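This report refers to the structure that appears directly beneath it.
Everything quoted here is computed from the prediction, not taken from an experiment. When a ligand or atom number is given, it counts from 1 through the structure's own listing order.
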Amino acid sequence: MARIMGTDEQAVRTAAIVLAEGKLVAIPTETVYGLAADATNGEAVASIFEAKGRPHFNPLICHVSDVSMAERYAVIDPQSRRLIDAFWPGPLTLVLPLKADTAIHPLVAAGLDTIALRMPRGVAGKIIAALDRPLAAPSANTSGKISGTSAPAVEDDLGARIALILDAGPSEVGLESTIVKVDGDAVQLLRPGGLAAEDIEAFIGKKLERIDQRSAIEAPGMLASHYAPAAGVRLNVHEVREGEALLAFGPVRASGAALAAASLNLSEAGNLREAAANLFDYMKRLDRLGSAVIAVEPIPFNGLGEAINDRLVRAAAPRIPSMTVEQIK
Ligand code: AMP
Ligand code: MG
């Protein structure tokens, strides 16, 4: 059972403390209840996927308390800035170029170089300001279930897996945020949501470019090519070959590990949450070393292992097109 509090000053302080400890808090926003984690803490973000039981890592919306916090992390073009000034705080998410070397953990954007940012109305903004860090927060519900729009609904679904729920009554909008992306002169609608497209169109004085949901929204997190490193990727490796870069997992090494040109261990202890937090960064680092192949030790399929393996299969996909998760299980 999660602890349930209201939205007074003490609740805001408590939420900020719990989040700073790397734990999850369900917070009310005007759209739906969010399952929030400190966006700069990789293991905390990994535990969002764990609590939701999501079988893959998709990019999450990052919530900020104000425009200056958004500017710390993203490059804001003039058109996006006008939309922000008109509609924040509110149910509008903007996809923006992510600045290099920010504190946002790579798992939040699923390794993309863009970031989805939003400033929510209500108590969430106060919590973010108190924490002074953005919150990664998808809807507070188990993967595949409908979004939580009240504290009892969230408690019912996720209560056993989260530390704290703040109760602000039923969500005002009850729909996810509208996601847009400014692309040159065009403004793309990536996901319709709680802010009507017509309201945005009336403001910008032109039509939004409707982008196919599956390609625009799912693709950033799903597309094989996005995940493809320059190196080939060999999965489920029990024997390392000379010159390969080794992505290890757990305390026991594959045979021939000493022949690897370089190696990084996702989690010496075999902790899947730690491994999830290291995955995007370690893949990139090994890829940069220039080995022809990244050899990946077997990673179990329980808990976050499913999403980790999903990500690795995508990285390997362009070179081993016939290999599926089923085959390497
Ligand atoms: P949820 O997981 O319910 O919070 O949904 C977040 C939505 O935002 C998903 O549909 C994501 O694909 C989308 N999203 C997040 N970050 C990005 C991004 N950088 N580019 C495009 N879409 C994004
Ligand atoms: Mg959702």
Side-chain angles (χ1 to χ4, degrees), residues 24-37 39 44-64 70 73-77 80 91-100 102 104-120 124 134-150 153-154 157-158 162 171 173-183 186-195 208-223 225-227 280 307 310-311 314:
L24 301 181
V25 178
I27 52 168
T29 80
E30 77 281 40
T31 57
V32 299
Y33 276 65
L35 184 58
V45 175
S47 61
I48 290 177
F49 291 93
E50 190 175 40
K52 284 182 73 91
R54 263 204 190 153
H56 57 261
F57 297 121
N58 65 327
L60 304 174
I61 295 171
C62 207
H63 296 72
V64 295
Y73 305 109
V75 182
I76 304 177
D77 62 278
S80 295
L92 176 69
T93 295
L94 283 143
V95 173
L96 297 160
L98 181 61
K99 285 186 175 167
T102 73
I104 304 254
H105 192 274
L107 193 55
V108 174
L112 295 171
D113 54 10
T114 54
I115 182 90
L117 291 182
R118 179 168 102 80
M119 175 181 170
L135 293 177
S139 54
N141 53 270
T142 315
S143 185
K145 292 206 184 152
I146 56 165
S147 303
T149 54
S150 72
V154 175
D157 186 9
L158 293 170
I162 60 181
S171 307
V173 177
L175 277 179
E176 272 88 356
S177 62
T178 302
I179 306 180
V180 302
K181 182 180 184 186
V182 173
D183 181 31
V187 182
Q188 301 175 333
L189 177 67
L190 301 187
R191 178 178 79 183
L195 175 65
L208 289 168
E209 203 176 280
R210 262 78 175 170
I211 302 287
D212 174 58
Q213 275 239 47
R214 256 164 317 170
S215 60
I217 298 173
E218 313 250 279
M222 303 288 287
L223 207 64
S225 64
H226 152 61
Y227 284 126
F280 289 86
D310 172 80
R311 165 69 176 79
R314 286 170 206 285

Within 6.0 angstrom of Lys52 NZ, more than 12 heavy atoms from elsewhere: yes

Under-4.0 Å heavy-atom contact with ligand 1, by part of Arg191 that carries it: side chain

Which of the ligand 1 atoms, numbered from 1, are nearer than 4.0 Å to a heavy atom of Pro138: 1 (P), 2 (O), 4 (O)

Pair Glu30 + Arg118: basic N to acidic O under 4.0 Å: yes

Sub-4.0 Å heavy-atom approach of Arg54 to ligand 1: yes

Closest contact, heavy atoms only, Ala110 versus Asn58: CB-C, 4.0 Å

Proximal atoms of ligand 1 relative to Ala116 (non-hydrogen, under 4.0 Å): 15 (C), 16 (N), 17 (C)

Residue Leu112 vicinity, atoms of ligand 1 by number, heavy atom under 4.0 Å: 18 (C), 19 (N)

Shortest non-hydrogen contact from Ala109 toward Ile115: CB-CD1, 4.3 Å

Winner among Asp113, Ile179, Leu35 once heavy atoms are compared against atom 8 (O) of ligand 1: Ile179

Expected output: side-chain Asp183 to main-chain Val187 donor-acceptor under 3.5 Å: no

Backbone or side-chain N/O/S of Ser139 under 2.8 Å of the Mg ion (ligand 2): yes

Interfacing atoms of ligand 1 (cut-off 4.0 Å, heavy-atom, Thr114): 18 (C), 19 (N), 20 (N)

Polar side-chain atom of Ser171 near backbone of Thr149 as donor-acceptor pair, under 3.5 Å: yes

Residue pair Thr93, Ser177: steps toward the side chain to side chain donor-acceptor pair (under 3.5 Å) verdict: CA-CA 6 Å; Thr93 295; Ser177 62; 2.7 Å; yes

Those atoms of ligand 1 less than 4.0 Å from some heavy atom in Asn58: 2 (O)

